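All values derive from a computational prediction rather than experimental measurement. The residues of the chain are indexed from 1 along the displayed sequence.
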Amino acid sequence: QVQLVESGGGLVQPGGSLRLSCAASGIIFDIYAMGWYRQAPGKQRELVAEFTRGGNKNYADSVKGRFTISRDKNMIYLQMNSLKPEDTAVYYCNVVRGPTEYWGQGTQVTVSS
């Protein structure tokens with residue numbers, strides 16, 4: 001089992017920045033992939049950024065150049081800069097271990113003036 005707890009969401013003005021954190025605990029070896037997804041109201045959940053098993057980083061086209069994913073031991077981070085209203089969503093931490101996907105409870109990010 002893997003447990004994931006996100007933090008760092010909130011309300012920010014357009015052009016502002018936020019840093020999301022995800023604390024992973026439990027069985028955190030043999031991880032295939034880890035990353036961040038988001039779901040806006042009325043839309044499907046979508047990939048934002050991820051580390052693949054080979055250590056490569058993938059980003060959604062909509063966030064390239066603005067968001068940066070990083071990790072340190074059992075923590076996964078998402079630095080979000082130049083935020084736009086369309087970035088408003090619930091952001092979820094995701095880990096894939098073998099055939100199983102694990103999700104955090106989500107953290108709300110609202111970009112509004």
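A cation-pi arrangement is not found for Arg97 relative to Tyr102, the charged atom failing to lie both closer than 6.0 Å to the ring centre and inside a 45° cone about the ring normal.
Taken to the nearest 0.5 Å, the OH atom of Tyr91 stands 5.5 Å off from the CE atom of Met80. If you take CH2 on Trp36 and CD1 on Ile76, they are separated by 7.0 Å, rounding to the nearest 0.5 Å. Distance check, rounded to the nearest 0.5 Å: CG of Asn94 to CE of Met34 gives 9.5 Å.
Gln108 and Thr110 share a donor-acceptor pair across their side chains, judged by distance under 3.5 Å alone.
A search for side chain to side chain donor-acceptor pair (under 3.5 Å) contacts involving Asp87 returns Arg38, Arg66, not counting sequence neighbours. Thr68 is linked by a side chain to side chain donor-acceptor pair (under 3.5 Å) to nothing, counting only residues two or more places apart in sequence or in another chain. Evaluation of the salt bridge (charged side-chain N to carboxylate O under 4.0 Å, His left out) rule for Lys64 yields Asp61 as partners, not counting sequence neighbours. Not counting sequence neighbours, Asp72 has no partner by the side chain to side chain donor-acceptor pair (under 3.5 Å) test.
Asn81 and Ser17 get closest at one heavy-atom pair: OD1-OG, 2.9 Å. For the residue pair Ala33 and Thr52, the shortest heavy atom distance occurs at CB-CA, 4.5 Å. Taking each heavy atom of Ala49 and Tyr59 in turn, the nearest pair found is CB-CD2, 3.5 Å.
Other members of the hydrophobic cluster containing Met75, listed by chain and number, are Tyr77; membership follows side-chain contacts under 4.5 Å among ILVMFWY residues, whether direct or relayed. Connectivity analysis of hydrophobic side chains (ILVMFWY, heavy atoms under 4.5 Å, direct or indirect) links Leu47 to Tyr37, Val90, Tyr92, Trp103.
Heavy-atom contacts from other residues, nucleotides or ligands closer than 6.0 Å to CD of Gln1 number 12 or fewer. Heavy-atom contacts from other residues, nucleotides or ligands closer than 6.0 Å to CD of Gln44 number 12 or fewer.
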